[in-house]
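Remarks on the structure that follows.
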2 protein chains.
Amino acid sequence: MRPGTPDEAWREDCAPRRVLELFATKWTSMVLHTLHARHDGVARTGVLLRSLPGISKKMLTQTLRDMEASGLLSRHVESVMPPMVEYRLTPLGQRFVEPVELLYAWGRANPDALDQLIPRPRSRRG
Amino acid sequence: MRPGTPDEAWREDCAPRRVLELFATKWTSMVLHTLHARHDGVARTGVLLRSLPGISKKMLTQTLRDMEASGLLSRHVESVMPPMVEYRLTPLGQRFVEPVELLYAWGRANPDALDQLIPRPRSRRG
DNA sequence: CCGAATCCGTAAAGATACTG
DNA sequence: CAGTATCTTTACGGATTCGG
């Protein structure tokens, strides 16, 4: 392809770009990994909360609701006291665990590359 | 590990989580891929702009400056008229192309999974 | 005590117009 | 051609309140 010609590979609706959208939401991939690797695809809210240091209850709820709306997991409520809510990977969610694990494994295998990265300064001009 | 025990795998400073931070910045991975796959690691601003449909000049500049500060690419200015600025992958940047290509390939191989995803409604409450 | 909703603030993302 | 200034929108996060 000649220089200056638009790059067809990153069209707005192309598959690779839609994958990246999943990772653009901060907690989604970590929820997928946690459900997959630690709890046979099932966990309740409190377990997820403790498995994701730094997340707030509010962000966890919001992330889970968005993932439910996307079809990545299902939500099961037991009307008991105290309340109990379970989240479960759907078959679709189980498929998306694969790219998450690819990144996870790469990070584990390349800590030195990450150590070379200079943390970007916070609060860049908008 | 017993249920409810904090998940050590997602500590805030762990390697996999630092990888995710790269992908959490929307355009970074696409810039890495474009430089790598289409231009032998070198491209000027206008080429990148046309290769990433949907990006604005402001976001491109901001992304490139952040990546430069992180050590992923270098910036070369020719003081001529009209201006000419080239961006080049550093050895560190070339390493991070690898996980980008992993996701890229997965997306190409799994368009059906992406088609099953229900797009999250825009404008979710914070 | 558990899970979630609401109100609030900050910051990153995005669109557009303008400058050298 | 490359970059900046300004403004709007959206994502993120804390604190508080609600409901069982």
Side-chain angles (χ1 to χ4, degrees), chain A residues 3-4 6 10 12 17 20-31 42-70 73-88 119-126, chain B residues 3-4 12 17 20-31 42-70 73-88 119-126:
Chain A
W10 286 117
E12 305 205 36
R17 206 157 149 170
L20 293 180
E21 285 175 26
L22 274 178
F23 291 91
T25 306
K26 178 167 177 175
W27 299 104
T28 300
S29 52
M30 286 188 258
V31 169
V42 186
R44 41 187 305 197
T45 313
V47 171
L48 291 170
L49 198 60
R50 286 185 293 274
S51 297
L52 303 175
I55 199 173
S56 66
K57 279 201 238 180
K58 198 199 86 177
M59 283 312 299
L60 179 59
T61 299
Q62 186 176 309
T63 302
L64 290 168
R65 286 293 162 71
D66 284 345
M67 292 175 70
E68 186 190 13
S70 297
L73 49 79
S74 57
R75 183 167 175 269
H76 304 273
V77 181
E78 287 290 324
S79 294
V80 293
M81 180 59 185
M84 167 163 131
V85 181
E86 269 187 0
Y87 295 92
R88 189 177 304 259
R120 291 172 304 145
R122 283 306 167 196
S123 203
R124 230 31 188 168
R125 50 191 155 284
Chain B
E12 305 204 36
R17 207 158 146 167
L20 293 180
E21 285 175 27
L22 273 179
F23 290 90
T25 305
K26 177 166 177 176
W27 299 103
T28 300
S29 51
M30 286 188 260
V31 169
V42 185
R44 26 189 318 198
T45 313
V47 171
L48 291 170
L49 197 61
R50 287 185 293 274
S51 298
L52 304 175
I55 198 172
S56 66
K57 279 196 220 177
K58 178 182 153 280
M59 283 311 299
L60 179 59
T61 300
Q62 187 176 307
T63 302
L64 290 169
R65 286 290 162 55
D66 285 346
M67 291 175 70
E68 186 189 13
S70 296
L73 50 80
S74 56
R75 183 169 176 267
H76 304 272
V77 182
E78 287 290 325
S79 293
V80 293
M81 187 62 183
M84 166 161 128
V85 180
E86 269 187 359
Y87 294 93
R88 188 178 305 262
R120 291 174 303 144
R122 284 302 165 199
S123 203
R124 250 323 192 227
R125 300 288 152 259

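So that the names make sense, note that chain A is the first sequence line, chain B the second, and so on, each numbered from 1.
Considering only heavy atoms from C-beta on, B:T63 comes within 4.5 Å of B:M67 through its side chain. Put simply, the side chain of A:D66 does not reach to within 4.5 Å of the side chain of A:T28, judged on heavy atoms. Side-chain contact between B:R65 and B:R75: present, with at least one pair of heavy atoms (C-beta onward) separated by less than 4.5 Å. Looking only at side-chain heavy atoms (C-beta outward), A:V42 and A:Y87 stay at 4.5 Å or farther from each other.
For A:K26, the listed nucleotide lying nearest its side chain is D:dC12; candidates were D:dC12, D:dC1, C:dA13.
Taking B:T25 as the reference, A:R120 meet the side chain to side chain donor-acceptor pair (under 3.5 Å) condition, with sequence neighbours excluded.
Regarding B:L49, its CG atom lies at a distance of 14 Å from the P atom of C:dG14, rounded to whole Å. To the nearest angstrom, P of D:dA11 lies 14 Å from CE of B:M59. Between the C1' atom of D:dT10 and the CG atom of A:D66 lies a distance of 12 Å, rounded to the nearest Å. Nucleotide D:dG19 holds its C1' atom 10 Å from the CE atom of A:M81, rounded to whole Å.
Between B:P53 and A:W10, the closest heavy-atom pair is CD-O, 3.4 Å.
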Distances under 3.5 Å between protein N/O atoms and the N/O atoms of nucleotides 3-5 of chain C, please, pair by pair.
| unit_1 | atom_1 | unit_2 | atom_2 | d |
| --- | --- | --- | --- | --- |
| C:dG3 | OP1 | A:R44 | NE | 3.2 |
| C:dG3 | OP1 | A:R44 | NH2 | 2.9 |
| C:dG3 | OP2 | A:G46 | N | 3.4 |
| C:dA4 | OP1 | A:R65 | NH2 | 3.3 |
| C:dA4 | OP1 | A:R75 | NE | 3.1 |
| C:dA4 | OP1 | A:R75 | NH2 | 2.7 |
| C:dA4 | OP1 | A:Y87 | OH | 2.9 |
| C:dA5 | OP1 | A:R65 | NH1 | 3.2 |
| C:dA5 | OP2 | A:R65 | NH1 | 3.3 |

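In terms of phosphate contacts, B:Q62 brings a side-chain nitrogen or oxygen within less than 4.0 Å of OP1 or OP2 of C:dA13. Contact between the side-chain N/O atoms of B:W27 and the OP1/OP2 oxygens of C:dG14 is found at a separation under 4.0 Å.
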